[in-house]
Protein chains: 2
Amino acid sequence: MLSQKTRYAIRAMQHLADKYGQGPIPLTDIAETQNIPAKFLTVILSELSRYGIVASQRGKDGGYWLGVPPIDITYGDLIRVMRGSLALVPCASRFAHETCKNCVEEKDCRTRALMLQVRDATANLLDGMRLSDRIDPVPAAEGLEAVEDL
Amino acid sequence: MLSQKTRYAIRAMQHLADKYGQGPIPLTDIAETQNIPAKFLTVILSELSRYGIVASQRGKDGGYWLGVPPIDITYGDLIRVMRGSLALVPCASRFAHETCKNCVEEKDCRTRALMLQVRDATANLLDGMRLSDRIDPVPAAEGLEAVEDL
DNA sequence: GTATTCTCTATCTCAAAAGTTGACAATGGG
DNA sequence: CCCATTGTCAACTTTTGAGATAGAGAATAC
């Protein structure tokens, strides 16, 4: 699962992408329309601006905007920045590899072999989706099937 | 990321799959070879046996074995049982759908639309991989590239 | 009956996630 | 120059859930 912070970051960035080229967007504007605790959002936006994908200006009429055109920011980038990795296990991360604790030898680990495949499939998708993409929300009904017994 | 518990469950099930048809496997056998804290493993195996995918017998020569042939257990099943969902956000789960906290209306949420696609891709992969599959571990070197700057 | 092995509920510990506080710095307008 | 506005940053608190353990109990084999 993505952390709440990562989800906030994604929505904030989508908001900034929607308003790209419209000058600085104040934090409270993002916080209110995106339903994100304002103070917490400052932490998130500061983090993103340290990576250069968000720019900011202080003072009157200040605010935030994308430091990079929306077409150059993929959802894969965003998740990696916030979470460090797209992988489901630390040892299957391409850019933030770590050995898993209490595991078997990595060279013998079948779980890892599987999770590398999952990571690649996920990365293929997310690295092809950009903040500039027009995305049609899916009606809420979809995804509401009954719980399967297994 | 998968929880440690889910990873333990996967390795334990692989272990049982390897020894399928060889009678009850004692917990300590699994715990030792798979490097899983024994007491914690009891919790995991009890949970799995409540779902029927693991069977057990108490007393001398007791132990655990797969309640279902390894070809009938997919990795997707396993992860759903342990974690409830393959999705990256609660609202994108097919079998354990929940609305996300502090989010926008689900029908307007673009993040959800994306994550539904990711869930489907992940499910396609994991539901096609079975405990009976022969899986070749990937040498540890792969996945050790330098960290990208973004 | 005794050693073995699983069962179950309760509990503990601890790190990370989520969120807040408050002092500070830049900017623009009067 | 002063003041309102808006971002910056480090420290801190709170909450949550994961991970792990404890311990009494029940089945089974010998």
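All values below were derived from every heavy atom in this structure, side-chain atoms included, with hydrogens, water molecules and symmetry-related copies excluded.
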Length of the line joining Gln4(A):CD and dT15(D):P, which is rounded to integer Å: 16 Å
Of all the choices, dG19(D), dT28(D), dT8(D), which nucleotide is nearest to the side chain of Gln57(B) once you look at every atom? dT28(D)
Please report the distance, rounded to the nearest Å, between CD1 in Ile25(A) and P in dT6(D). 12 Å
Which sits closer to the 5' end of DNA chain D, Gly59(B) or Lys101(B), going by the nucleotide each is nearest to? Lys101(B)
Rounded off to whole Å, could you give me the CG-to-C1' distance for the Leu45(B) and dT21(D) pair? 16 Å
With a cut-off of less than 4.0 Å, is there a side-chain N or O of Tyr64(A) near OP1 or OP2 of dT8(D)? yes
Taking all non-hydrogen atoms of both residues, which atom of Ile135(A) and which atom of Tyr75(A) are closest, and how far apart? CD1-OH, 3.6 Å
Distance under 4.0 Å to a non-hydrogen atom of chain B counts as contact; along DNA chain C, which nucleotides mark the start and end? dT4(C) to dT7(C)
To the nearest angstrom, the CG-C1' distance between Asn35(B) and dG19(D) comes to 14 Å
Respond yes when some side-chain nitrogen or oxygen of Ser46(A) is under 4.0 Å from OP1 or OP2 of dG7(D), and no when none is. no
What is the distance from CD1 of Ile44(B) to P of dT21(D), rounded to the nearest Å? 11 Å
Please report the distance, rounded to the nearest Å, between CG in Leu41(B) and P in dA20(D). 11 Å
What contact category does Leu27(A) fall into here, base, sugar-phosphate, or nothing, at under 4.0 angstrom with non-hydrogen atoms? sugar-phosphate
Atom-to-atom span, CZ of Arg58(B) to C1' of dC30(D) - whole angstrom: 18 Å
Please pick, from dG19(D), dT5(D), dA29(D), the nucleotide with the shortest atom-to-atom distance to any side-chain atom of Lys60(B). dA29(D)
Between Ser3(B) and dG17(D), is there a contact of a side-chain N or O with OP1 or OP2 at under 4.0 Å? no
